[in-house]
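Values in this document were obtained by computation on a predicted structure and should not be read as measured data.
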Amino acid sequence: IVTCNDICVLFFRDEEENSMLRILVATDCHLGYLEKDEIRRFDSFDTFEEICSLAVINKVDFILLGGNLFHENKPSISTLVKSMEIIRSYCLNDHQVQFQVVSDQAACLQNRFGRVNFEDPNFNIGLPVFTVHGTHDGPAGVDGLSATDILSACNFVNYFGKVDPGSSDVDQISVCPVFIKKGATSVALYGLGNIRDEKLSRMLQTHYKIQWMKADSEDDWFNLFVFHQKRRKGSSTNGINEQLLPSFLDLVIWGHEHECLIDHQEVSGKDFHIIHPGSSVATSLSNAEAKPKNVVLLEIKGMQYKQTNIPLKSVRPFQYAEVQLKDQLGVELNNEAALYEHLDNIVSNLIDKTAISGSEPKLPLVRVKVDYSGFSTITPQRFGQKYVGKVANPNDIILFSRSAQQNRTREHTGSSEECEPNELDQQSIEELIAESNLNMQILDKNDLDSALHDFVNKDENMAFHSCLDKNIDAAKVRYYHHIVPFRISHICNEKTVCLGLQKKLTFATKDLKAEEDIVLQLDQCMQVQRNSISAYTRFDFSQK
């Protein structure tokens, strides 16, 4: 027997469910990482497939990715095929999408079709994916394209938050949100792909450089922001300070940081929280990467949200330890055999921990960071030969370091946190030019810095060529608009020539010979102008 109270409870439960927006959040999947490694080549794909399966199991409305979906800007064909197969398997189906996008889609989505993929009648998208680009898979080259654009063109993902990451022409950015409605819940999804940290930090500190578009309606919008930048707490250098973000935001999904911080973080003086999902695959053998990997199930209803962390089970086991030889008993100076035995015991214990944890039967990653100050070292590759077939990284199990270098690094960075190798000894083009006292007249420093970034990090071989062509074209425009008129007026006495020609044209109908003289003088004058301009152009640009 069903009572009226039961009917009311079911009705309100359905209403609540119809207004609950469920999002699965993941960042830094790095598809294709170590694809040539026989042991670890499938790690990124296994975890990405698990992420997609978790989205289906938890019946989410869509997947939100925080950048670096691919490990490289130009992934291999194999990586692209595997990625598209996974997305097709889980995202293309007949399930009905339960939310609506009510914003100007052409303004916030980076595709020629100007709409979200699940509204295309030619595709059956049951699980939409929204993504921004990161440091590895951002746009590059003359056309500013990346692998994410390929997925977007194939209608597999909704790519938003795309800006030119380094062009000097981008003086102002408009962040257009994707306005999403589900029942009584309204979410403004803001996204911003990776931009060079120094440039974005300057723009955030300058008023009106970044325009945050807001809804015109009077509804209460939950403002969710996802972006991909290096984070530096309390500092505006070498990263983004969370204090620079606008206060109207409610929740920030921070990509790029690989350490998984389970609980959301409050920001002093701000009303928003920050979530660090971390990477789904370890791309460096550091302490931060050794922490358990998770994805986040985000449930939003009205202006409230609930965060649920879901552990990833397909991640390769990783054990990390730090050792100071001066504190270890039984290790003597210049005693290589004793050092071998001691490190062997440490590594064996770490391997045993991965077996006890009951994880999937994958060879574990093991890293032992050894402070050898005052002691001799051994060859890490030779040491690792014993563990071939027992660990996934036998050649780099041991990392030797010295405390003096660590102290200098910490003093330089003003922090006690561990620094990754790719974060050290970096210098911008602006700093190099300032040190050399170069007077750059044609090449723009920001464009040159961006070209260097694309060449090193995105394997863009034509980065400097494109930068050179772009700046030479801009210099030619400036030259012909400002310098050429000035040169012509002085070389040809343009005003006098034109007045003389105008007077002769008045009597041209009376005398055919006069007409021929006018044509001859006009040809001579134009030839003088062309020779002067050509000579000056060659001289000016060769000097520069």
Side-chain angles (χ1 to χ4, degrees), residues 20-33 42-71 82-83 86-87 89-91 95 99 126-134 136-137 148 151 156-158 160-161 180 187 189 191 224-228 231 251-265 273-284 288-300 305-318 357 359-360 362 365:
M20 180 75 73
L21 187 67
R22 299 166 64 85
I23 308 170
L24 190 74
V25 181
T27 65
D28 297 271
C29 297
H30 288 275
L31 295 177
Y33 175 68
F42 295 116
D43 285 6
S44 60
F45 302 105
D46 292 342
T47 307
F48 184 61
E49 185 159 8
E50 182 188 3
I51 292 172
C52 293
S53 66
L54 288 172
V56 174
I57 293 172
N58 290 276
K59 299 179 180 179
V60 301
D61 292 293
F62 64 88
I63 299 175
L64 179 60
L65 302 177
N68 279 358
L69 174 60
F70 293 98
H71 185 67
K82 290 184 178 68
S83 305
I86 295 173
I87 296 176
S89 299
Y90 290 91
C91 299
H95 295 165
F99 65 91
L127 179 59
V129 177
F130 288 84
T131 183
V132 298
H133 67 258
H136 288 251
D137 57 1
T148 310
L151 296 185
F156 283 168
V157 301
N158 299 293
F160 71 115
I180 297 173
V187 174
L189 177 59
L224 175 63
F225 178 45
V226 55
F227 76 141
H228 189 101
R231 185 182 181 189
L251 183 62
V252 174
I253 306 297
W254 204 303
H256 182 72
E257 299 293 343
H258 280 211
E259 182 178 6
C260 179
L261 303 179
I262 296 178
D263 299 325
H264 67 255
Q265 305 168 52
H273 295 161
I274 295 176
I275 293 179
H276 270 204
S279 66
S280 59
V281 61
T283 60
S284 65
E289 294 272 27
K291 295 183 178 180
K293 302 292 186 181
N294 292 265
V295 291
V296 174
L297 174 60
L298 200 62
E299 297 175 297
I300 303 175
Y305 79 92
K306 177 184 177 182
Q307 173 188 347
T308 304
N309 300 298
I310 305 177
L312 294 171
K313 298 179 181 179
S314 61
V315 177
R316 185 175 296 276
F318 181 19
S357 64
S359 57
E360 292 186 9
K362 284 186 175 182
L365 296 169

**OP:** Take I23 and V187, measure what side chain to side chain contact (heavy atoms under 4.5 Å, CB included) needs, and give me the verdict at the end.
**Re:** CA-CA 11 Å; I23 308 170; V187 174; 5.5 Å; no
Do [X] and [Y] have side chains that approach each other closer than 4.5 Å (heavy atoms only, starting at C-beta)?
X: I180; Y: F62; result: yes
X: I63; Y: V157; result: no
X: H71; Y: V281; result: no
X: L189; Y: F160; result: yes
X: T27; Y: V226; result: no
X: L251; Y: L298; result: yes
X: V129; Y: L151; result: no

Taking all atoms of both residues into account, what is the closest heavy-atom pair of [X] and [Y], and its distance?
X: S83; Y: L31; value: OG-CD1, 3.3 Å
X: I51; Y: C29; value: CD1-SG, 4.1 Å
X: I86; Y: F45; value: CD1-O, 3.6 Å
X: N68; Y: H136; value: OD1-N, 2.8 Å
X: G67; Y: T131; value: N-OG1, 4.5 Å
X: H276; Y: I274; value: CD2-CG2, 3.8 Å

**OP:** Name all residues meeting the ring pair (Phe, Tyr, Trp, His ring centres under 6.0 Å) criterion together with F227; count only those two or more places apart in sequence or in a different chain, and write none if there are none.
**Re:**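 Per chain and number, F227 pairs via ring pair (Phe, Tyr, Trp, His ring centres under 6.0 Å) with F225, W254.
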**OP:** Check the angle between the aromatic planes of H228 and H256 and answer parallel, tilted or perpendicular using the 30° and 60° thresholds.
**Re:**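 If you compare the ring of H228 with that of H256, the planes turn out perpendicular.
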Original post:
Where the side chain of E50 meets the backbone of K313, is there a donor-acceptor pair that is under 3.5 Å apart?
Top reply: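 A pair under 3.5 Å: yes.
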Distance from [X] atom [atom1] to [Y] atom [atom2], nearest 0.5 Å?
X: T283; Y: H30; atom1: OG1; atom2: NE2; value: 4.5 Å
X: D137; Y: T148; atom1: CG; atom2: OG1; value: 4.0 Å
X: E49; Y: F42; atom1: CD; atom2: CZ; value: 12.0 Å
X: C260; Y: D28; atom1: SG; atom2: CG; value: 11.5 Å
X: D46; Y: L312; atom1: CG; atom2: CG; value: 11.5 Å

Subject >> Positive for salt bridge (Lys or Arg N to Asp or Glu O under 4.0 Å) with D43, one of K293, R316, K82 >> reply: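 Among K293, R316, K82, the one that satisfies the salt bridge (Lys or Arg N to Asp or Glu O under 4.0 Å) with D43 is R316.
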**OP:** Go through the structure and list residues passing side chain to side chain contact (heavy atoms under 4.5 Å, CB included) with E299, not counting sequence neighbours.
**Re:**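 Residues passing side chain to side chain contact (heavy atoms under 4.5 Å, CB included) with E299: M20, R22, L297, K306, T308.
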Subject >> By side chain to side chain contact (heavy atoms under 4.5 Å, CB included) - contacts of H95 (at least two apart) >> reply: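 With neighbours one apart ignored, the set is N93.
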**OP:** Any chance you could lay out the side chain to side chain contact (heavy atoms under 4.5 Å, CB included) test for I275 and V25, step after step, and finish with the verdict?
**Re:** CA-CA 10 Å; I275 293 179; V25 181; 5.9 Å; no
**OP:** Apply the test side chain to side chain contact (heavy atoms under 4.5 Å, CB included) to residues L365 and E289: give CA-CA distance (whole Å), side-chain angles for both, the deciding distance (0.1 Å), then the verdict.
**Re:** CA-CA 11 Å; L365 296 169; E289 294 272 27; over 6 Å; no
Subject >> Residues which pass salt bridge (Lys or Arg N to Asp or Glu O under 4.0 Å) with K291, listed by chain and number, not counting sequence neighbours >> reply: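 Per chain and number, K291 pairs via salt bridge (Lys or Arg N to Asp or Glu O under 4.0 Å) with E259.
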**OP:** Before giving the answer on side chain to side chain contact (heavy atoms under 4.5 Å, CB included), spell out for I87 and F48 the whole-Å C-alpha distance, their side-chain angles and the decisive distance to 0.1 Å.
**Re:** CA-CA 9 Å; I87 296 176; F48 184 61; 3.9 Å; yes
Subject >> Residues that N294 engages under side-chain hydrogen bond (donor to acceptor under 3.5 Å, both in side chains), provided they are two or more places apart >> reply: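 side-chain hydrogen bond (donor to acceptor under 3.5 Å, both in side chains) check on N294 returns nothing, list empty.
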Original post:
Can you name the residues that form a side-chain hydrogen bond (donor to acceptor under 3.5 Å, both in side chains) with S280, not counting sequence neighbours?
Top reply: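 Here no residue qualifies.
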